[in-house]
There are 2 protein chains.
Amino acid sequence: MGLAKTEMFTNEQNEISLFAKVFGHPARVAILQHLFKINSCVCGDLVNEIGLAQPTISQHLKELKHLGLIKGNLEGTSVCYCIHKENWTAMKTVMNEFLNQDLTDKLDCC
Amino acid sequence: MGLAKTEMFTNEQNEISLFAKVFGHPARVAILQHLFKINSCVCGDLVNEIGLAQPTISQHLKELKHLGLIKGNLEGTSVCYCIHKENWTAMKTVMNEFLNQDLTDKLDCC
DNA sequence: TTAATTAATTGCAATATTACGATTAATATT
DNA sequence: AATATTAATCGTAATATTGCAATTAATTAA
């Protein structure tokens, strides 16, 4: 069916998987890394920086924006994107809780 | 075309996105959380615990195993799964480096 | 106003993912 | 050996994702 049955999972599980999914494409990882590196918040340069077509980059940016991880700001004809700091920090809290679960000695049974 | 052009991204970007992609489904998040909670390493109980059919769970387990995040061990007719501690720790290093990039003041331009 | 620039949107083709019934494989029990 | 139990695999349908050409929308420059 190709459809995740979100109603059978907890809010936390769904939230984690939504964040993870948006990081599940190298282009979006590259976009985010570039936004972190270029703190002057360059925009359409992403199309040049990453080797994908403009509509493709625009689509990836839309997904990142939709999850609240970036913000876009109109500046003349171009749009300036940058990391949404507060939301990024909140996302980190959720992801870290998942990634940093207790790895006790008992876990090794195999 | 629906295919990620992995050759145009760095190994790091591809690795991050592969880890993230496997966390990008709530069923796999739920499986991992359960394996962390039940440190006695219960196995086919995952099918009961999570509400999906046996082939579906088996498929999700395969993906987690393929990335090295869990190990499976035959015990009679059943298979006992658990977190692969070393690989989980290594994955955490990669993901943390990505998630914990510098959020300097300069980033806020929008 | 007209042309130029930039980015979003639309529409579509190619591919990937998800879910599960049916079957198979492997071991355990009788 | 015959049966039961458990999990993997196969095949397939439904849906989602990715990528881009073409177009549109919005602003700027001339």
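Letters A, B, ... mirror the listed sequences (proteins, then strands); counts begin at 1.
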Where the side chain of B:Arg28 meets the backbone of B:His60, is there a donor-acceptor pair that is under 3.5 Å apart? no

From the candidates D:dC20, C:dA19, D:dT18, the one with an atom nearest any side-chain atom of A:Ala53 is D:dC20

C:dT17 - base-pair partner by Watson-Crick or wobble geometry, distances under 3.5 Å: D:dA14

Within this structure, what is the [atom1]-to-[atom2] distance between [X] and [N], rounded to whole angstrom?
X	N	atom1	atom2	result
B:His66	D:dA8	NE2	P	15 Å
A:Glu75	D:dT28	CD	P	11 Å
A:Ile50	D:dC20	CD1	P	12 Å
B:Leu52	C:dG21	CG	P	11 Å
B:Arg28	C:dA19	CZ	P	8 Å
B:Ile70	D:dA7	CD1	C1'	13 Å
B:Leu74	D:dT5	CG	P	18 Å

Examine D:dT17: is either OP1 or OP2 under 4.0 Å from a nitrogen or oxygen in the side chain of A:His60? Give yes or no. no

Taking side chain as C-beta onward, heavy atoms only, is B:Asn73 less than 4.5 Å from B:Glu75? yes

Ring centres under 6.0 Å, that's the criterion: do A:Trp88 and A:Phe36 meet it? yes

Distance flag, aromatic centroids of A:Phe23 and B:Phe98, threshold under 6.0 Å: yes

Could you list all N or O pairs between the protein and nucleotides 4-10 of chain C that sit under 3.5 Å apart?
{"residue": "C:dT6", "atom": "O4'", "partner": "A:Thr77", "partner atom": "OG1", "Å": "3.2"}
{"residue": "C:dA7", "atom": "OP1", "partner": "A:Gly44", "partner atom": "N", "Å": "3.2"}
{"residue": "C:dA7", "atom": "OP1", "partner": "A:Val79", "partner atom": "N", "Å": "3.4"}
{"residue": "C:dA8", "atom": "OP1", "partner": "A:Tyr81", "partner atom": "OH", "Å": "2.4"}
{"residue": "C:dA8", "atom": "OP2", "partner": "A:Ser58", "partner atom": "OG", "Å": "2.7"}
{"residue": "C:dA8", "atom": "N7", "partner": "A:Gln54", "partner atom": "NE2", "Å": "2.6"}
{"residue": "C:dA8", "atom": "N6", "partner": "A:Gln54", "partner atom": "OE1", "Å": "3.0"}

